[in-house]
Amino acid sequence: MSQPKEIPLMEKIVSLCKRRGFIFQSSEIYGGINGFWDYGPLGAELKRNLRDTWWRAMTRQREDVVGLDATIIMHPAIWKASGHVDTFSDPMADCLVTKKRFRADHVDPQSGLVYTYRGALNGPTLQASAATEGLGLDESQLNNAMLGYDAEKAAPSEDDKRIAKLLLNFPAAGYSDHAFSVLVPPGKPPESARKVAKQFYQTRNIQEPVLLRETTAKVENSRAFNPENGAQLTEPKPFNLMFHTYVGATATDEDKAYLRPETAQAIFAQFKNVVDSSRQKVPFGICQIGKAFRNEVTPRNFTFRSREFEQMELEFFIKPDEAIEAACGSVAAWSEGTDLSKPQDNWGWEMWHRYWVKERTDYYNSIGLGTDVLAYHWQNKDELAHYARACVDILFKFPFGTEELEGIAARGDFDLSQHQRHSKKPQEVFDEDVKKAFAAWSDDQKAALIARKKGENAAKGDKATPEVDIDAWCDKLFKGFYVPHVIEPSAGLDRLALAVIAAAFNEIEKTDTKGAKEVVTIMKFHPRIAPVKVGVFPLLKNKPELVAKAREVYDLLKKHLTAFYDEGGSIGKRYARQDEAGTPFCITVDFETLGEKGDELKDTVTLRHRDDGRQERVKISDLLGLLLPQVS
Ligand code: ATP
């Protein structure tokens, strides 16, 4: 007997998400819209819990981070200053046959034999022309002659000369001289390449293509062909990922605005207002959660790469290292094992960067994503943006591969400086401590710092700034003014939701009382993020006293945590339903609760734990005290 086919994990997850109301395709009744997803009842609760845990960890539990809630559409000049208008693009390539669009750098590399054709001729026109030129070949011989025809042959035959003349006089409407290539995996016959090539020439109005001059060459790891049919892709072209719209009724080019592709820029644009209104002093951070939009070339992997998604971003502003050096004598150097638990005055960008990597890792651990499912990618020099000093991607082991969940970048003072330059509004802060520290420096010390900065600048080659700017920057710093540097932990809420769903997904085989085996799903969410924290059931729904008591328990709990009341089906079925929803606790009200088995058990319930099926007897009055610390 053949074994049932194993369903890939990702398919199971997508199917569970739809069946249980975590995630639905947007606009599904109209066939869906690619790259857009809706969250159902359980998904909406899960996402809200993730948002809340992030917000709590990043701002409410800290004295040095404040929140912001900015608009999605902002002045378009913001996106010019940030560089998004000019450079926020992905390379895009189209299949020349199907017109399907690919992100050129995401096409799977392929190896094999490339068949290239110099063009194609329309079959019936070719036969008529061959007769006129006196080529005495039948249809199949003629087609083969075209396939092998070489215009550069050293000693052309009489037929070659006739073909050359035929091509010279061939009616333009039946001839395409566009070269086209097809990649065929090793071992596949040339017919498969010819079939795809003919499809290509049909798109160029050659109804019955006869292929001209076939040549072959080996290639390895090429991204230039459509992995689905082997057809050649167009040359990659940059494609700006920002969605645009028009603000106002005239809809001219001057009214063009963008849906934000990230939440971070609003934080930079409002930096001064926050400084002036919040009494925060550098080092401090501003965080924001909100929608972002990117017209991704190839949205894929369920919600992982969407066109509309939510980001959770922090911009943590710090002093330039030179200011720390003046105030503390030196800047703390990081080494493996350095204590990062409490920020110190002598921390420069490197320690702050390491600190945020640790903080973010602690956050993921606190919602159940441990070191077994996380990984880190420290970007090397070639991958880093020119202004960035370091960037680490926190990765999650998704079923489709280990991919980015969050990026943590040390971005120098690039962002605020860009807005200062473009808006012509100073983005500097004045720091009395820094002024005082430099006041104690000798002229020689200051001259040495200026010389060092100029040396560092010169080493940047064509990215170096004019030396007068270095003088001006040092002069301001000595007076206590600087543009803060920034550390940016930037996470995707939807990617995190997908990660916790994938991490929670568990299947176990159960045997029922009749010995039948079935596979059941248990979503083992950390109680802190579980969409529903507790299910409340009366043992039987046709006993009014049980129902009334269960409702009483439900009313008590629902004021403090997300609870779900269910009286349908057997208790086993109700547990199974909550296991699939990821509910960590279930409570059953039974006859003991009503005092029918004696006073000792009166007003106690059965508390059942999702992960190990353990059941315990708990007093109703103890429930909140027991559950609340575990779910918050
Ligand atoms: P990628 O390389 O995967 O496109 P990115 O490096 O462009 O991501 P950032 O611009 O650093 O991403 O955005 C920060 C975070 O926002 C990412 O780590 C990710 O969690 C989330 N994010 C970015 N693009 C998308 C998207 N298209 N769909 C869902 N989440 C996204």
Side-chain angles (χ1 to χ4, degrees), residues 23 25-26 33-39 43 47 50-51 54 58 79 82-84 87-92 102-106 238-243 258-268 287-315 353 356-357 360-361 363-364 367 369 373-380 382-385 387-388 390-398 400-411 414-415 486-502:
I23 301 172
Q25 194 179 16
S26 165
I33 170 165
N34 198 6
F36 296 86
W37 300 95
D38 294 339
Y39 289 79
K47 229 177 142 184
L50 291 171
R51 221 183 262 125
W54 187 92
M58 298 300 266
W79 305 111
S82 66
H84 284 80
T87 59
F88 191 57
S89 54
D90 280 339
M92 163 202 95
F102 293 86
R103 199 169 133 177
D105 54 336
H106 283 181
F239 171 72
N240 195 297
L241 300 186
M242 282 198 291
F243 281 100
Y258 302 95
L259 303 194
R260 66 181 178 203
E262 61 172 39
T263 59
Q265 291 306 319
I267 297 180
F268 297 122
C287 69
Q288 172 164 228
I289 300 179
K291 289 272 188 181
F293 302 81
R294 294 182 188 179
N295 199 0
E296 296 281 359
V297 179
T298 42
R300 60 185 179 152
N301 288 333
F302 200 20
T303 56
F304 177 83
R305 189 170 299 286
S306 308
R307 290 181 163 138
E308 174 176 340
F309 54 98
E310 245 173 293
Q311 284 186 316
M312 308 187 287
E313 296 194 293
L314 166 71
E315 301 304 330
H353 185 237
W356 278 110
V357 176
R360 299 298 304 135
T361 302
Y363 165 77
Y364 288 120
I367 57 165
L369 302 184
V373 288
L374 297 179
Y376 298 84
H377 169 66
W378 286 85
Q379 291 188 8
N380 60 39
D382 301 341
E383 294 172 275
L384 282 180
Y387 48 80
C391 185
V392 59
D393 294 336
I394 300 187
L395 315 173
F396 175 80
K397 293 174 186 162
F398 288 99
F400 44 81
T402 302
E403 300 273 359
E404 177 179 332
L405 196 55
E406 163 160 2
I408 305 175
R411 298 173 61 89
F414 175 77
D415 305 278
V486 75
I487 307 292
E488 179 190 76
S490 169
L493 176 54
D494 305 79
R495 279 195 193 171
L496 179 55
L498 185 57
V500 296
I501 287 172

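For ligands, and for the atoms within them, numbers begin at 1 and follow the listed sequence.
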Approximate separation, where rounding is to 0.5 Å, of Arg495 CZ and Glu406 CD
11.5 Å
Would you say that Asp90 contacts Glu296 through its side chain, given a criterion of any heavy-atom pair below 4.5 Å between the two side chains?
yes
Residues at least two apart in sequence or cross-chain that pass side-chain hydrogen bond (donor to acceptor under 3.5 Å, both in side chains) with Lys291, listed by chain then number, are Glu308
Which residue and atom name correspond to the protein heavy atom nearest atom 22 (N) of ligand 1, and how close is it?
Phe309 CE1, 3.5 Å
Classify the contact between Arg305 and ligand 1 as side chain, backbone, both or neither, using a heavy-atom distance cut-off of under 4.0 Å.
both
Report the nearest protein non-hydrogen atom to atom 14 (C) of ligand 1: residue, atom name, distance rounded to 0.1 Å.
Ser490 OG, 3.0 Å
Regarding Tyr387 and Asp415, is there a side-chain donor-to-acceptor distance under 3.5 Å anywhere?
no
What residues form a side-chain hydrogen bond (donor to acceptor under 3.5 Å, both in side chains) with Ser306, not counting sequence neighbours?
none
Going by atom types only, do Gln265 and His84 share a side-chain donor-acceptor pair under 3.5 Å?
no
Among non-hydrogen protein atoms, atom 29 (C) of ligand 1 lies closest to Phe304 O, 3.1 Å
Please state which option from Glu488, Glu404, Glu310 has its nearest heavy atom closest to atom 8 (O) of ligand 1.
Glu404
Compute the shortest N/O to N/O distance between Thr303 and ligand 1 and return yes if it is under 3.5 Å, no if not.
no
Just going by heavy-atom distances, which of Gln311, Glu262, Arg103 is nearest to atom 13 (O) of ligand 1?
Gln311
Could an N or O of ligand 1 be found under 3.5 Å from any N or O of Glu313, whether backbone or side chain?
no
Where the closest heavy atom to atom 28 (N) of ligand 1 is concerned, which of Cys391, Pro261, Gly35, Ser306 has it?
Ser306
Considering only protein heavy atoms, which is closest to atom 7 (O) of ligand 1, and at what distance to one decimal place?
Arg294 NH1, 3.1 Å
Run the ring-ring contact (aromatic ring centres under 6.0 Å, His included) check on Phe396 and Phe398 step by step: do they pass?
CA-CA 6 Å; Phe396 175 80; Phe398 288 99; 4.8 Å; yes
Within-shell test, Leu405 vs ligand 1, heavy atom, strictly < 4.0 Å:
yes
Taking the side chain as C-beta and beyond, is there a heavy-atom pair between Leu496 and Trp54 under 4.5 Å?
no
Which one holds for Asp393 and ligand 1: side chain close, backbone close, both close, or neither close, with close meaning a heavy atom under 4.0 Å?
neither
Starting from atom 19 (C) of ligand 1, what is the nearest protein heavy atom, named by residue and atom, and what distance separates them?
Arg495 NH1, 3.4 Å
Just by modelled atom types, is the Cys391 backbone N or O under 3.5 Å from a matching donor or acceptor in the Gln379 side chain?
no
Any N or O on Gly492 sitting closer than 3.5 Å to an N or O of ligand 1?
yes
